Amino acid sequence: MESHANSYEDDDLLALSGLQHLAFCERQWALIHVEQIWADSVDTLRGDYFHERVDTAGYSCRDGVRAVRGARLVSRHLGIYGIADVVEFCEDGDWSIRPVEYKVGRPKAEDWDRIQLAAQAMCLEEMHEVGIDEGDIFYGQTRRRETVPLNEDLRSKVRELSFRAHELFEGGITPTAEYKPRCKRCSLVNECLPDGCAKGAEDYWGSFGIEWRPSDEASS
């Protein structure tokens, strides 16, 4: 379980789901959570449709497992809140808790989805005063669960991202755009305009395949 040295009030809590955005790109996170800019893409609409059923609050019981849908989460230590797709309460001698996150796509090499799952587990640990060793991510394309060990590396990333989110939000900071290959996958690429944010004359002319030298400016 996590130490509760800090405690955030209700008005200071930030969306848990934003940690995934922040891990993907700080500017994307700030456009959404600081500047309140959002744009749907085919991927985001598919995700919304996929989550319609699982996000309906309720529960089911089977084989000693109580599966709660749409469970509310909060960590006042991390300063985050959100809703879990499914939380399984398992009776196997002692009660154990297992978060289950649903994703429309397939497993990723990056930790973005695993970070979101770890943040959910850390909220549940704080709320129920238990330890949670692992959780699951169900991927729609593979129709299978991926079991995720909730190790210290993931937990450290959650803490660092939570701290960074509050730092950016409290400062009203939107990082400058920097074009990367992953920008093509971002639903906010047209709002962000990473191609149009050259850092100087060399970058500007370089985008056209022209080598720029200081003497060029002086002789123009």
Side-chain angles (χ1 to χ4, degrees), residues 1-24 29 33 51 54-103 105-140 142-167 169:
M1 289 185 292
E2 302 297 318
S3 168
H4 303 167
N6 300 318
S7 182
Y8 289 89
E9 300 297 329
D10 287 350
D11 291 343
D12 299 322
L13 299 174
L14 298 176
L16 181 156
S17 59
L19 299 185
Q20 188 177 33
H21 300 144
L22 190 60
F24 177 79
W29 180 90
H33 299 275
H51 278 85
V54 72
D55 284 346
T56 302
Y59 70 91
S60 60
C61 295
R62 183 178 179 181
D63 299 330
V65 177
R66 178 185 174 97
V68 179
R69 301 187 303 274
R72 296 186 178 276
L73 305 173
V74 65
S75 168
R76 297 193 178 279
H77 171 56
L78 296 171
I80 56 177
Y81 75 97
I83 297 177
D85 287 337
V86 174
V87 178
E88 293 181 344
F89 296 84
C90 310
E91 188 177 13
D92 51 3
D94 293 326
W95 282 98
S96 62
I97 299 177
R98 190 181 197 91
V100 184
E101 175 67 11
Y102 280 68
K103 295 294 181 184
R106 61 177 61 250
K108 303 175 182 66
E110 301 87 353
D111 274 336
W112 306 324
D113 295 344
R114 291 181 281 274
I115 285 169
Q116 185 174 359
L117 183 72
Q120 293 175 5
M122 292 165 76
C123 287
L124 289 165
E125 287 179 330
E126 184 175 322
M127 293 167 64
H128 296 280
E129 298 185 347
V130 297
I132 301 175
D133 296 328
E134 60 183 25
D136 292 323
I137 303 176
F138 177 88
Y139 286 98
T142 62
R143 307 299 297 177
R144 296 181 62 182
R145 284 191 183 194
E146 174 189 299
T147 297
V148 179
L150 302 173
N151 55 40
E152 180 54 32
D153 179 59
L154 278 178
R155 293 170 182 274
S156 178
K157 288 177 181 177
V158 170
R159 287 190 289 266
E160 290 171 4
L161 288 166
S162 298
F163 175 81
R164 180 59 173 162
H166 282 280
E167 184 178 49
F169 189 83

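Residue indices begin at 1 and follow the sequence shown. Computed from a predicted structure; not experimentally measured.
Using a 4.5 Å heavy-atom threshold, the side chains of Ile80 and Leu19 count as touching. When side chains are defined from C-beta on, Val65 does not count as touching Arg62, because their heavy atoms never get closer than 4.5 Å. For the pair Phe169/Arg164, no side-chain contact is recorded, criterion being any heavy-atom separation below 4.5 Å from C-beta on. Met122 is listed as a side-chain neighbour of Leu78, based on a closest heavy-atom distance under 4.5 Å. Counting heavy atoms from C-beta on, the side chains of Glu88 and Val86 come closer than 4.5 Å. Lys103 has its side chain within reach of Gln116: a pair of non-hydrogen atoms, C-beta onward, lies under 4.5 Å apart. Using a 4.5 Å cut-off on side-chain heavy atoms (C-beta onward), Glu101 and Phe138 make no contact.
Side-chain N or O atoms of Asp111 include none that pairs as donor or acceptor with a backbone N or O of Arg114 at under 3.5 Å. With hydrogens and angles ignored, the 3.5 Å screen pairs no side-chain donor or acceptor of Asp136 with any backbone N or O of Val100. Counting only distance, with no hydrogens or angles, the side chain of Glu125 and the backbone of Ile132 share a donor-acceptor pair below 3.5 Å.
To the nearest 0.5 angstrom, Leu124 atom CG is 10.0 Å from Leu150 atom CG. Taking NZ of Lys157 as the start and CG of Asn151 as the end, the distance is 8.5 Å to the nearest 0.5 Å.
For the ring-ring contact (aromatic ring centres under 6.0 Å, His included) test, residues two or more places apart in sequence or in another chain that qualify with Tyr8 are His166. Legend: residues meeting ring-ring contact (aromatic ring centres under 6.0 Å, His included) with His33, ordered by chain and number and at least two apart, are His21, Trp29. For the side chain to side chain donor-acceptor pair (under 3.5 Å) test, residues two or more places apart in sequence or in another chain that qualify with Ser75 are Glu126. Taking Ser156 as the reference, Glu160 meet the side chain to side chain donor-acceptor pair (under 3.5 Å) condition, with sequence neighbours excluded. The side chain to side chain donor-acceptor pair (under 3.5 Å) test applied to Asp63 returns no partner, not counting sequence neighbours. In this structure Glu134 satisfies the salt bridge (charged side-chain N to carboxylate O under 4.0 Å, His left out) test together with Arg98, sequence neighbours excluded.
The minimum heavy-atom distance between Leu16 and Cys123, with the atom names listed, is CD1-SG, 3.7 Å. Of all heavy-atom pairs between Ala118 and Leu154, the closest is CB-CB, 4.1 Å. The two residues Gln120 and Ile83 come nearest to each other via the heavy atoms NE2-O, 4.5 Å. Between Leu73 and Ala84, the shortest heavy-atom distance links the atoms CD1-CB, 3.7 Å.
No hydrogens or angles considered: nothing links the side chains of Tyr81 and Asp10 as a donor-acceptor pair under 3.5 Å.
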query = Going through the checks in order, is the side-chain contact (heavy atoms from CB on, under 4.5 Å) test met by Glu146 and Tyr139?
reply = CA-CA 8 Å; Glu146 174 189 299; Tyr139 286 98; 4.0 Å; yes
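Aromatic ring pairs are classed by plane angle as parallel below 30°, tilted from 30° to 60° and perpendicular above 60°; the pair Phe24 and Trp112 is perpendicular.
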